[in-house]
Amino acid sequence: SLAQRQGTYSFSPSRAERVTAQLLGNYFWKLNENFNMNFFLGGEYWQTQSYEANVGGYDFQLGGDFYSLNNVGNNTTDGSSSLLLGTGDYGIRMNHSKKNKFGYFGEIRLDYKGMAQLSFTGRIDGSSSLKQCDPVYFYPSVTAGLIFSEMFHLSNEWFSFGKLRGNWAKVGKDTNAYLFSKNFKQWPTFPDGGFGVNPTLSTATTLEPEMLSTWEIGADLRFFNQRTRLDVAYYSTTVDDQIVTVRVSPASGLSLIHI
């Protein structure tokens, strides 16, 4: 029986790697003595992949200093194999994960005498984790700032610096790899001991990129030769198409899905 088995041995190799490539470009254009513009463009690609395996068994026999699965007993007294296949604490398991993503991004910034700035950004991303739907998504942002204390010459003995700022932005997000893939497990109740869908693990049928939208207005005020500072902000954040896991009726053949 399992309780009579003596000694265990397991081997669990793993490897993870990440490859990243990025290309950036920047151009500064001085329009005149008061205005200048800055252009920034870039692109990037990254890929992550990992490998993990686990194999082990019972009735391990140590012959010398060499540890090997060959020293796991071939059979137990009840006739079952000591090298377990996919079940128990020392079953054979192999996992492989791979995900890649690309992005193009840019910014246009307009500056007036270093006192007022207006910036527009945009980014396009594509992710392999969303390839079953629309894997490419775009998100922009707008940022503005004004140092009104310098522009309107308001600085004095007690008021040193004043700046107003505001921004609006969207940020896109993908999800984990293989959410659309069905998970299978071995069912001992099947006549041939075969594999079937595992209803306890979730899957997805259709997903949209998650979008975080935020806006903020604020002020930076400094007094008494910048010895005292007041920084205030008011902001709001909302999430659209949030990717969550929910329970569904077992009649669907699953217990969890990603939406």
Side-chain angles (χ1 to χ4, degrees), residues 12-25 40-55 86 91-107 120-143 167-187 194-215 235-259:
S12 303
S14 63
R15 178 182 177 182
E17 60 184 42
R18 178 169 181 168
V19 177
T20 304
Q22 190 175 72
L23 180 64
L24 303 175
F40 177 75
L41 295 174
E44 66 178 353
Y45 173 85
W46 65 264
Q47 176 179 289
T48 59
Q49 57 183 352
S50 62
Y51 309 88
E52 182 181 5
N54 182 58
V55 60
I92 294 177
R93 292 184 292 271
M94 299 187 68
N95 296 310
H96 169 235
S97 176
K98 184 177 181 180
K99 177 182 175 181
N100 52 64
K101 187 176 179 179
F102 69 86
Y104 304 105
F105 47 90
E107 179 186 21
F120 300 91
T121 70
R123 182 179 177 106
I124 298 175
D125 280 347
S127 174
S128 63
S129 62
L130 296 171
K131 64 182 180 180
Q132 279 83 354
C133 51
D134 186 0
V136 180
Y137 48 99
F138 170 77
Y139 46 98
S141 74
V142 181
T143 303
N167 68 74
W168 172 86
K170 278 192 171 185
V171 179
K173 180 183 176 183
D174 62 352
T175 185
N176 299 326
Y178 307 121
L179 291 193
F180 290 90
S181 301
K182 289 183 170 60
N183 297 275
F184 296 85
K185 64 175 291 185
Q186 190 173 17
W187 292 92
F195 290 78
V197 174
N198 186 354
T200 64
L201 298 179
S202 55
T203 187
T205 56
T206 179
L207 291 177
E208 296 291 335
E210 186 174 305
M211 283 290 174
L212 175 70
S213 300
T214 181
W215 60 263
Y235 65 92
S236 174
T237 301
T238 58
V239 179
D240 296 319
D241 298 319
Q242 186 174 18
I243 299 175
V244 295
T245 303
V246 297
R247 292 189 176 276
V248 294
S249 169
S252 65
L254 297 170
S255 59
L256 300 169
I257 62 169
H258 298 290
I259 60 172

Q) Just by modelled atom types, is the Ser236 backbone N or O under 3.5 Å from a matching donor or acceptor in the Thr214 side chain? A) yes

### Query
Just checking, any donor-acceptor pair under 3.5 angstrom between side chains of Tyr139 and Asp125?
yes

For Ser127 and Asp174 the tightest heavy-atom approach is OG-OD2, 2.7 Å

**Study point:** Sidechain-backbone polar pair: Lys99 side chain, Thr175 backbone, donor-acceptor under 3.5 Å
**Key:** yes

By side chain to side chain contact (heavy atoms under 4.5 Å, CB included), Leu24 pairs with (sequence neighbours left out) Gln22, Phe40, Phe105

Self-check item: Other residues, nucleotides, ligands: >12 heavy atoms within 6.0 Å of Lys101 NZ
Solution: yes

Taken in chain and number order and not counting sequence neighbours, the residues that satisfy salt bridge (Lys or Arg N to Asp or Glu O under 4.0 Å) with Arg15 are Glu17

Sorted by chain and residue number, the ring pair (Phe, Tyr, Trp, His ring centres under 6.0 Å) partners of Phe102 (sequence neighbours excluded) come out as Tyr104

On a heavy-atom basis, the closest approach of Gln49 and Lys98 is OE1-CD, 3.8 Å

When every non-hydrogen atom of Leu207 is compared with those of Ile243, the smallest separation belongs to CD2-CG2, 4.3 Å

Can you check whether Ser50's main-chain N or O pairs, donor with acceptor, with Ser97's side chain at less than 3.5 Å? no

Residue set satisfying salt bridge (Lys or Arg N to Asp or Glu O under 4.0 Å) with Glu44, at least two apart, ordered chain then number -> Arg123

Residues passing the side chain to side chain contact (heavy atoms under 4.5 Å, CB included) test with Thr143, sequence neighbours excluded, are Ser119, Asn167

Tyr235 meets the ring pair (Phe, Tyr, Trp, His ring centres under 6.0 Å) criterion, sequence neighbours left out, with none

